[in-house]
Amino acid sequence: MDESNNSSEKGFLLLGFSDQPQLERILFFIILFFYILNLLGNTAIILVSYLDTKLHTPMYFFLSNLSCVDICFTTSVAPQLLVTMSKKDKSMSYGGCVAQLYVAMGLGSSECILLAVMAYDRYAAVCRPLHYTTIMHPQLCASLAGIAWLSGLVTSLIQCSLTVQLPLCGHRQLDHIFCEVPVLIKLACVDTTFNEAELFVASVVFLIVPVSFILVSYGFITQAVLRIKSAVGRRKAFGTCSSHLVVVIIFYGTIIFMYLQPAKSNSKNRGKFVSLFYTIVTPLLNPIIYTLRNKDVKGALRTLIMGNALGSERV
């Protein structure tokens, strides 16, 4: 019994890249840089979407939600990771690990659903333009965003509660960059068949189903774009769609690799880099791909910055 409770009493050792000190130092500055850019970029999206009345549309409503999810998701991982990488003691309290487990799982799941919702919004805008405002009315937008947030909360409560009940028999070393369900399942000292099956079902619901829906939506969008007579219009539409699909492929592809590989897989280092992609890199790509290439957003940012500059001069 004492051995089983050892992990909860002493916490965990989050090894990360500690076996490669030089790589760890380089990654520390890269992660810090990406995290700061992530905070600035996603906060800018939220501000301009709220302050500029021209951006009070379903698309930017969902983008604001996505930016909020991305800020919270990255913040649930990056600060703790940076602290752990900057010190010799790699320990993390049991309570901190469990809290990170619940928060990261919930927010990551919410983002999976939210990206699918955004694909539906783009489908309605491109394929049903005359009925777009009727289809995507404010009540439906609020409901869809609420479903995305709530579904993440529910799956986190179920999945993480099942995971933290697994006996670890004193195992404390997490060979990963943060506390994550597949990693804790591998650490368990009992048969984890049920947990693996439950994780597989949740992964299908939150990964395979949304990405399939997104690809079908963009299939219809592509058909609609091909009917555009203007070559410039087609190029612009394809450029936007291809950029969105890059984010989708990186985000879903890396998470699918992590959550649908066999629980006893030995690809530890690959798993760490893959986790870095969907927790640190993709949240930064979202504001760049979805909005900062958008003329409306760039115009709103310029207006906001110039307005603040003029206000400062008057003062």
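When reading the values below, keep in mind they use all heavy atoms of this one structure, side chains included, and skip hydrogens, waters and symmetry mates.
To the nearest 0.5 angstrom, L47 atom CG is 12.0 Å from L55 atom CG. The OG1 atom of T57 lies 6.0 Å from the OH atom of Y60; values are rounded to the nearest 0.5 Å. The CD1 atom of I147 lies 11.5 Å from the CG atom of L114; values are rounded to the nearest 0.5 Å. Note that OG of S67 is 6.5 Å distant from CG of L63, once rounded to the nearest 0.5 Å. With rounding to the nearest 0.5 Å, the separation of CE in M118 from OG in S217 is 12.5 Å. In this structure, the separation between CG on L207 and CD1 on I113 is 9.0 Å, given to the nearest 0.5 Å.
L13 and V183 are not part of a single hydrophobic cluster, where members link through side-chain heavy atoms under 4.5 Å apart. One hydrophobic cluster holds both L101 and L157 under the rule that ILVMFWY side chains link at heavy-atom gaps under 4.5 Å. Cluster annotation: V216 is connected to I135 through the hydrophobic network of ILVMFWY side chains, with a link wherever side-chain heavy atoms come within less than 4.5 Å. Residues V154 and V117 fall within the same hydrophobic cluster, defined by Ile, Leu, Val, Met, Phe, Trp and Tyr side chains chained together at heavy-atom separations under 4.5 Å. F33 and F273 fall within a single hydrophobic cluster, where Ile, Leu, Val, Met, Phe, Trp and Tyr are joined by side-chain heavy atoms under 4.5 Å apart, directly or via other members.
Judged purely by atom type and a 3.5 angstrom limit, T192 has no side-chain atom pairing as donor or acceptor with the backbone of N195. Counting only distance, with no hydrogens or angles, the side chain of S161 and the backbone of I158 share no donor-acceptor pair below 3.5 Å. Here the side chain of T74 pairs no donor or acceptor atom with the backbone of I280 at under 3.5 angstrom. Using a distance-only test at 3.5 Å, with no hydrogens or angles considered, a donor-acceptor pair links the side chain of S110 to the main chain of G106. Distance alone, capped at 3.5 Å, places no donor-acceptor pair between the D52 side chain and the V48 backbone. Between the side chain of H137 and the backbone N or O of L140, at least one donor-acceptor pair lies under 3.5 Å. Side chain of Q100 to backbone of S76: a donor-acceptor contact under 3.5 angstrom is found. Panel note: side chain H176, backbone G16; no donor-acceptor pair is recorded below 3.5 Å. Panel note: side chain T155, backbone S151; no donor-acceptor pair is recorded below 3.5 Å. With hydrogens and angles disregarded, no donor-acceptor distance shorter than 3.5 Å links the side chain of D121 to the backbone of M136.
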Side-chain donor-acceptor pairs under 3.5 Å in residues 18-31, sequence neighbours left out?
{"residue": "S18", "atom": "OG", "partner": "L15", "partner atom": "O", "Å": "2.9"}
{"residue": "E24", "atom": "OE2", "partner": "K90", "partner atom": "NZ", "Å": "3.0"}

Show me, pair by pair, the donor-acceptor contacts under 3.5 angstrom made by side chains of residues 245-260, not counting sequence neighbours?
{"residue": "Y252", "atom": "OH", "partner": "C112", "partner atom": "O", "Å": "2.4"}
{"residue": "T254", "atom": "OG1", "partner": "I250", "partner atom": "O", "Å": "2.6"}
{"residue": "T254", "atom": "OG1", "partner": "F251", "partner atom": "O", "Å": "3.0"}
{"residue": "Y259", "atom": "OH", "partner": "E180", "partner atom": "OE2", "Å": "3.0"}

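Residues S109 and M105 come closest through the heavy atom pair OG-O, 2.8 Å. The shortest non-hydrogen separation linking V190 to P167 is CG1-CG, 3.4 Å. Nearest heavy atom pair, residue L187 against residue Q173, reads CD1-O, 3.3 Å. Closest heavy-atom contact between F73 and T279: CZ-CG2, 3.8 Å. Scanning both residues, A104 and V77, for their nearest heavy atoms gives CB-CG2, 4.5 Å. Summarising the geometry of S275 relative to I177, their closest heavy-atom pair is CB-CD1, 3.7 Å, with the distance given to 0.1 Å.
Between Y278 and F178, the ring planes are perpendicular. Angles over 60° get that label, and only those under 30° would be called parallel.
Contact check on K272 versus D175 returns a salt bridge, with a Lys/Arg side-chain nitrogen under 4.0 Å from an Asp/Glu carboxylate oxygen.
Defined by atom type and a distance below 3.5 Å, a donor-acceptor pair is present between the side-chain atoms of T84 and Q80. In this model, a donor atom of one side chain and an acceptor atom of the other lie less than 3.5 Å apart for E198 and Q159.
A 4.5 Å side-chain heavy-atom check between S86 and L82 finds every atom pair outside the cut-off. In this structure, the side chains of V126 and Y132 stay at 4.5 Å or more apart for every pair of heavy atoms. Between L115 and P210 the shortest side-chain heavy-atom distance does not fall below 4.5 Å. With contacts defined as side-chain heavy-atom distances shorter than 4.5 Å, the pair L184/L174 qualifies. At least one side-chain heavy atom of Y218 sits under 4.5 Å from a side-chain heavy atom of I214. Side-chain atoms of L168 and C189, non-hydrogen and from C-beta on, never get closer than 4.5 Å to each other. Taking 4.5 Å as the limit, some side-chain heavy atom of L107 sits within range of a side-chain heavy atom of W149. Looking only at side-chain heavy atoms (C-beta outward), H56 and F61 stay at 4.5 Å or farther from each other.
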Set out, in order, the CA-CA distance, both residues' side-chain angles and the distance that settles side-chain contact (heavy atoms from CB on, under 4.5 Å) for F200 and V205, then state yes or no. CA-CA 9 Å; F200 178 80; V205 172; over 6 Å; no
Could you walk me through whether V181 and C160 pass the side-chain contact (heavy atoms from CB on, under 4.5 Å) test, one step at a time? CA-CA 7 Å; V181 170; C160 296; 4.3 Å; yes
Assess whether side-chain contact (heavy atoms from CB on, under 4.5 Å) is satisfied between L66 and N42, documenting all intermediate values. CA-CA 9 Å; L66 181 65; N42 283 298; over 6 Å; no
May I have the step-by-step check of side-chain contact (heavy atoms from CB on, under 4.5 Å) for F277 and L285, ending in yes or no? CA-CA 10 Å; F277 259 92; L285 290 178; over 6 Å; no
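Here F62 and Y120 keep their ring centres 6.0 angstrom or further from each other.
With sequence neighbours left out, C97 forms a disulfide (SG to SG under 2.5 Å) with C179. Take Q223 and apply the side chain to side chain contact (heavy atoms under 4.5 Å, CB included) test, not counting sequence neighbours, and it matches F220, R227. With sequence neighbours excluded, no residue forms a side chain to side chain donor-acceptor pair (under 3.5 Å) with Y123.
Membership of the apolar cluster around Y35 extends to L39, I46, I71, as traced through chained side-chain contacts below 4.5 Å between ILVMFWY residues.
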